[in-house]
Amino acid sequence: MTIATQSSVTEPAVKRAIPMNIFRQHAPLTAVCLENRELVGAGGIGTVRHLVLDTSAGPYPFLEGQSAGVIPPGVDAYGKPHKLRLYSIASTRHGDRGDGKTLSLCVRRLEYQHPQTGETVYGVCSSYLCALEVGAEVKLTGPTGKAMLLPDDPTATVIMLATGTGIAPFRAHLWRMFREHNPDYEFRGFAWLIFGIPTSPNILYREELEDFRRHANFRLTYAISREQKNARGGRMYIQDRVAEHVAELWELLQRDNTHVFICGLRGMEDGIDAAFAGHAAQFGVSWAEYREQLEKAHRWHVETY
Ligand code: FAD
Ligand code: A2P
């Protein structure tokens, strides 16, 4: 089976300019924190913060789906300045305030038990960002990344698979599709977000996501791992939801302007592949080959970490 490559509708006549690495580690942009709020509700697990950063000292142009680098202050264990960490930009190019002078991030504070000592370890950059005070400066590099760019085609079918902070680029996509009214992009395709999170209070941006349900062409499915069970009685993961809906997803993939975006935990990838592989086999299709063609057609987009 062969699949159509990007249709003439999705292939822009003039290749759009993608801003890349305008700011680098040796010459970063100094942004200022305008907002830093908690996204995890009471009873949820861990800390995830939504930050709005003022980039007006730039400008800092970017497209929905790109990432920004953050350079945490201070030095590492070897006395060298900390290296930058990447964060998906969670706002559209216009920013949460609509003036094109901010970008937003969605940051989980990394916290784990040291495998040898058992001591609780907190991540350097994520802890720094989660504790960033309003008015504080932050050094940014970028923007970077082409993998998660939203297709220009306003009639595209956009399937978004996110775990945790993997929601960040999809918040940008959804704002562009359903919240902003851009003369150059009036979305009239179909968008389906499948979102994996541990508990209900961990549903990041829940109000915004629920509000988008008003749109008949938006579908939202949660996989709440510690509250819902999969068919085998285990934790409900995103790949279990993909398996549950695989016939519909497969049908959608047959349209030549359907794009699949995957963002968040790397661990979900094999399960998603297994779900599609099982279904594709019924039609005598090798999923590995099929996915390769989707990748070549720039319709399979993955950013996992
Ligand atoms: P560090 O201090 O750098 O610690 C990380 C290190 O801790 C790991 O390299 C590993 O050695 C160790 N470690 C981590 N977990 C364990 C464990 N369980 N057991 C033992 N050792 C462990 N993060 C977000 O929060 N939001 C985003 O939108 C986001 N987007 C990203 C986009 C891209 C393209 C990439 C590549 C990453 C993204 N990340 C995002 C992850 C982010 O870049 C950082 O990796 C993360 O915040 C941790 O950085 P840190 O400085 O806090 O941790
Ligand atoms: P769990 O932690 O219950 O095992 P967050 O980043 O907010 O912790 O959310 C990540 C979500 O992804 C959680 O629901 C987590 O489940 C789930 N998860 C963990 N490991 C995997 C995996 N290998 N595949 C898919 N989902 C996973």
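Just follow the structure's listing: the first ligand is 1, and inside any ligand the first atom is 1.
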Return the residue, atom name and 0.1 Å-rounded distance of the protein heavy atom closest to atom 24 (N) of ligand 2.
-> Q239 NE2, 3.1 Å
Identity and distance of the protein heavy atom lying nearest atom 4 (O) of ligand 2 | Y237 OH, 2.4 Å
For T163, the atoms of ligand 2 under 4.0 Å from one of its heavy atoms are 12 (O)
In terms of heavy-atom contacts, does CZ of R24 have more than 12 from other residues, nucleotides or ligands at under 6.0 Å?
-> no
Looking at L86, I167, L110, V48, the heavy atom closest to atom 43 (O) of ligand 1 belongs to L86
R108, any N or O under 3.5 Å of ligand 1 N or O | yes
Quick one: nearest non-hydrogen protein atom to atom 2 (O) of ligand 2, plus distance?
-> R226 NH2, 2.7 Å
Of the protein's non-hydrogen atoms, which lies at the shortest distance from atom 52 (O) of ligand 1, and what is that distance?
-> S126 OG, 2.5 Å
Atom 8 (O) of ligand 2 has as its nearest protein heavy atom R108 NH2, 3.8 Å
Full working for side chain to side chain donor-acceptor pair (under 3.5 Å) between K139 and T30 | CA-CA 5 Å; K139 304 278 185 211; T30 302; 3.0 Å; yes
Linked, directly or transitively: I238 and I167 (ILVMFWY side chains, under 4.5 Å) | no
Atom 9 (O) of ligand 2: closest protein heavy atom, distance to 0.1 Å, is P198 CD, 3.4 Å
Numbered atoms and elements of ligand 2 in range of G196, under 4.0 angstrom, heavy atoms | 11 (C)
Stepwise side chain to side chain contact (heavy atoms under 4.5 Å, CB included) test for R299 and Q293 = CA-CA 9 Å; R299 293 174 48 199; Q293 291 183 54; over 6 Å; no
Hey, is D76 close enough to K83 for a salt bridge, meaning N to O under 4.0 Å?
-> no
Top protein contact for atom 30 (N) of ligand 1, by heavy-atom distance = S88 N, 3.2 Å
In the protein, what heavy atom is nearest to atom 14 (O) of ligand 2, and what distance, to one decimal place, separates them?
-> S225 OG, 2.8 Å
Please indicate whether E289 has more than 12 foreign heavy atoms, meaning atoms of other residues, nucleotides or ligands, lying under 6.0 Å from its CD.
-> no
Check whether V52 and L140 end up in the same hydrophobic cluster, where Ile, Leu, Val, Met, Phe, Trp and Tyr are linked by side-chain heavy atoms less than 4.5 Å apart.
-> no
According to a 4.5 Å side-chain heavy-atom criterion applied to Ile, Leu, Val, Met, Phe, Trp and Tyr, with indirect links allowed, do M160 and L220 form part of one hydrophobic cluster?
-> yes
May I ask you to check whether over 12 heavy atoms, not counting those of E207, lie within 6.0 Å of atom CD?
-> no
Ring center gap for H173 and F261 short of 6.0 angstrom = yes
Nearest to atom 41 (C) of ligand 1, what protein heavy atom do you find, and at what distance?
-> Y305 CD1, 3.7 Å
Heavy atom of protein inside 4.0 Å of atom 25 (O) of ligand 1, strictly below = yes
Closest to atom 45 (O) of ligand 1 among protein heavy atoms sits R85 CG, 4.5 Å
Can you establish whether the number of heavy atoms outside Q113 located under 6.0 Å from its atom CD is more than 12?
-> yes
Less than 6.0 Å separating the ring centroids of W175 and Y205?
-> no
Run through I262, I272, L161 and flag the one making a side-chain contact (heavy atoms from CB on, under 4.5 Å) with V302.
-> I262
Atom 18 (N) of ligand 1: any protein heavy atom closer than 4.0 Å | yes
Hey, is atom 8 (C) of ligand 1 under 4.0 Å from any protein heavy atom?
-> no
Within 45 degrees of the axis of the six-membered ring of Y185 and under 6.0 Å from its centre: does R176 put its NZ or CZ there?
-> yes
Looking only at distance, does T165 have an N or O less than 3.5 Å from an N or O of ligand 2?
-> no
State the atoms of ligand 1, each with its element, that fall below the 4.0 Å cut-off from a heavy-atom position in E303.
-> 34 (C)
Report yes if I197 has an N/O atom closer than 3.5 Å to an N/O atom of ligand 2; otherwise report no.
-> yes
At what distance is the nearest protein heavy atom to atom 2 (O) of ligand 1, and which residue and atom is it?
-> V124 N, 2.8 Å
Are any of the heavy atoms in G271 under 4.0 Å away from ligand 2?
-> no
Taking only heavy atoms of G123, which atoms of ligand 1 are found under 4.0 Å from at least one of them?
-> 2 (O), 50 (P), 52 (O), 53 (O)
Cationic N near anionic O, under 4.0 Å, D96 to R179 | no
Backbone, side chain, both or neither: what part of L265 comes under 4.0 angstrom of ligand 2, heavy atoms only?
-> side chain
Would you mind finding which of Y128, Y87, Y122 brings a heavy atom closest to atom 44 (C) of ligand 1?
-> Y87
Side chain to side chain contact (heavy atoms under 4.5 Å, CB included) between N182 and F187, intermediate numbers included = CA-CA 9 Å; N182 293 293; F187 185 66; over 6 Å; no
In ligand 2, the atoms that come under 4.0 Å of a heavy atom of M268 are 24 (N), 25 (C)
Would you say C106 has any N or O atom under 3.5 Å from an N or O of ligand 1, going by distance alone?
-> yes
At a 4.0 Å threshold, what atoms of ligand 1 neighbour a non-hydrogen atom of C125?
-> 50 (P), 51 (O), 52 (O)
closest protein heavy atom to atom 15 (N) of ligand 1 is Y112 CD2, 3.5 Å
Counting only N and O atoms by type, is there a donor-acceptor contact under 3.5 Å from the side chain of R188 to the main-chain atoms of P154?
-> no
Kindly confirm or rule out an N or O of N202 lying under 3.5 angstrom from an N or O of ligand 2.
-> no
